[in-house]
Protein chains: 2
Amino acid sequence: MIISYMSITYNDSLQPKVFGTVQRFIEPCILLLLSRGTSHGYGLLEDLEKHCGEKVDIGNLYRTLRKMETNGWVKSEWGVNKTGRDRRVYTITKSGLAFLERAAVSLTQTDSLIHRFFEGYKKTFQKGTSL
Amino acid sequence: MIISYMSITYNDSLQPKVFGTVQRFIEPCILLLLSRGTSHGYGLLEDLEKHCGEKVDIGNLYRTLRKMETNGWVKSEWGVNKTGRDRRVYTITKSGLAFLERAAVSLTQTDSLIHRFFEGYKKTFQKGTSL
DNA sequence: TTTAATATATGATTATTTCATATATGTCTA
DNA sequence: TAGACATATATGAAATAATCATATATTAAA
C-alpha cells in the first residue's frame, strides 16, 4: 500500500519514488473490513482506497488474500454474481480476529515510535532555526 | 529497525516473527541524530536504541549509512580515535536536512493513516462486542 | 465490435530486511 | 600472555515484501 514519504531512490533512476510504507499494513486493514462483513478482492480494493485514501496494488492485494487464507485468517469460496463474473468471497475467521487484535496493539507501538521521532524533531527544529 | 506487531509468518516456521515496521524509518532517525552533531556508526547504534527504544540491526545500519552517503544526505571521513580503533564519522549535508524535512511531512501522513485505522477499529469493536 | 469496467491471478523484478560472518583494535582479567 | 569482551566497520547470503507488467474472463455500454 502506498503511504508515507517521497524520496529519491538508491538506484540510478532520477525519478522520485514512494517509500516509507508500514510493512504489511494492508493485512489488518483487510481484516478490519472483513470483520464488518464478507467481501471479495475487487470490493476490498475499492474500500481500501476509500477508507485509507491510498492506492493499492491489485496484484499485491490478491496475493495477500491468498497468503492470509494460508495463514488461516480468512477463508474463501466462489460466490455467484448475477451482474458480472463470479467472485471469490472472503470471510474472516476467529484466528483472523485474534490477529487483528494483536496487530492493533502492535500498531500502537508503531504509532508511539513515530511520535517519539516527532518529539525529537520538534525539539531540534522548532525554535527559529535556519532550517 | 524492529517495531510494530508480532505474527506468525507466511513460511513453514511456527516461530512468531516480528514484522510491521515502517520501511526505512531508520533513515530519518539517523538524520535527526546527525542534525544535532556528527557521529559514527556504532555511536548511532546506541543512540537509536536509546531514543527509539528498539533494536537495530548493525549490518543494516552500516549499509544504510553508506547508501545515505551515495544519496548525498551525509558525508563521512575517518576520524582518529585515541581510546580505540578509528571511526568513520558522519556529517549531515544540506540535502540530508532537506530530506529529513520531507520525511517528517511524510511520516505525518503515515501517522494519520494509522490513526484512521484506529478510528475504524474502535468504531467496530468498542461497544460490548463479543470480541 | 471494440472499449471500458469489473474481477482474479501470476511471472519477473526490484527493494528491503535479517541473519550470519569476517575483520580490526583496545581493555580487562585470569 | 592468552582469552574474553566491548568497541568498531563491513559484506555475503538468504529471506521477506512490494512493485511492475501482463494474462485471463465476464458483462455492459458505445
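Keep in mind that the numbers below use all heavy atoms, side chains included, and drop hydrogens, waters and symmetry copies. Sequence lines set the chain letters: A, B, ... in the order given, protein chains first and strands last, and positions in each chain run from 1.
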Query - Residue whose nearest DNA chain D nucleotide is more 5′ - A/K82 or A/G59 - result: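 Checking each residue's closest nucleotide, the 5'-ward one belongs to A/G59.
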Would you kindly give the [atom1]-to-[atom2] distance between [X] and [N], to the nearest whole Å?
X     : N      : atom1 : atom2 : answer
A/E69 : C/dT8  : CD    : C1'   : 13 Å
B/R63 : C/dT17 : CZ    : C1'   : 9 Å
A/I58 : D/dT22 : CD1   : C1'   : 14 Å
B/R24 : D/dA18 : CZ    : C1'   : 13 Å
B/F25 : D/dA17 : CZ    : P     : 19 Å
B/D57 : D/dT16 : CG    : P     : 15 Å
B/L65 : D/dA8  : CG    : C1'   : 12 Å
B/Q23 : D/dA17 : CD    : C1'   : 7 Å

Report summary line: Between A/I92 and A/S35, the two heavy atoms sitting closest are CG2-CA, 4.1 Å
What N/O pairs connect the protein and nucleotides 5-7 of chain C at under 3.5 Å? Give each pair on its own line.
| from | atom 1 | to | atom 2 | distance (Å) |
| --- | --- | --- | --- | --- |
| C/dT6 | OP2 | A/Y42 | OH | 3.4 |
| C/dA7 | OP1 | A/R87 | NE | 2.7 |
| C/dA7 | OP1 | A/R87 | NH2 | 2.2 |
| C/dA7 | N3 | A/R85 | NH1 | 2.6 |

Query raised in the report: Counting only N and O atoms by type, is there a donor-acceptor contact under 3.5 Å from the side chain of B/T38 to the main-chain atoms of B/V89?
Result: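 No: the side chain of B/T38 does not pair with the backbone of B/V89.
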Report task. Mark yes or no for whether B/E49, through its side chain, and B/V56, through its backbone, hold a donor-acceptor pair below 3.5 Å. Result ->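 Pair found, side chain donor or acceptor close to backbone of B/V56.
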Report task. Carefully, step by step, assess B/Y121 and A/E101 under the rule side chain to side chain contact (heavy atoms under 4.5 Å, CB included). Result -> CA-CA 9 Å; B/Y121 183 75; A/E101 219 179 339; 3.4 Å; yes
Query - Set of residues satisfying side chain to side chain contact (heavy atoms under 4.5 Å, CB included) with respect to B/R66, sequence neighbours excluded - result: B/E69, B/R88, B/Y90
Requested in this report: Assign B/R66 to base, sugar-phosphate, or nothing according to its heavy-atom contacts below 4.0 angstrom with the strands shown.
Outcome: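 Answer is sugar-phosphate: B/R66 comes under 4.0 Å of backbone atoms only.
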Query - Member of B/L32, B/L34, B/L33, B/I30 meeting the side-chain contact (heavy atoms from CB on, under 4.5 Å) criterion with B/D47 - result: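 The residue from B/L32, B/L34, B/L33, B/I30 that satisfies side-chain contact (heavy atoms from CB on, under 4.5 Å) with B/D47 turns out to be B/L33.
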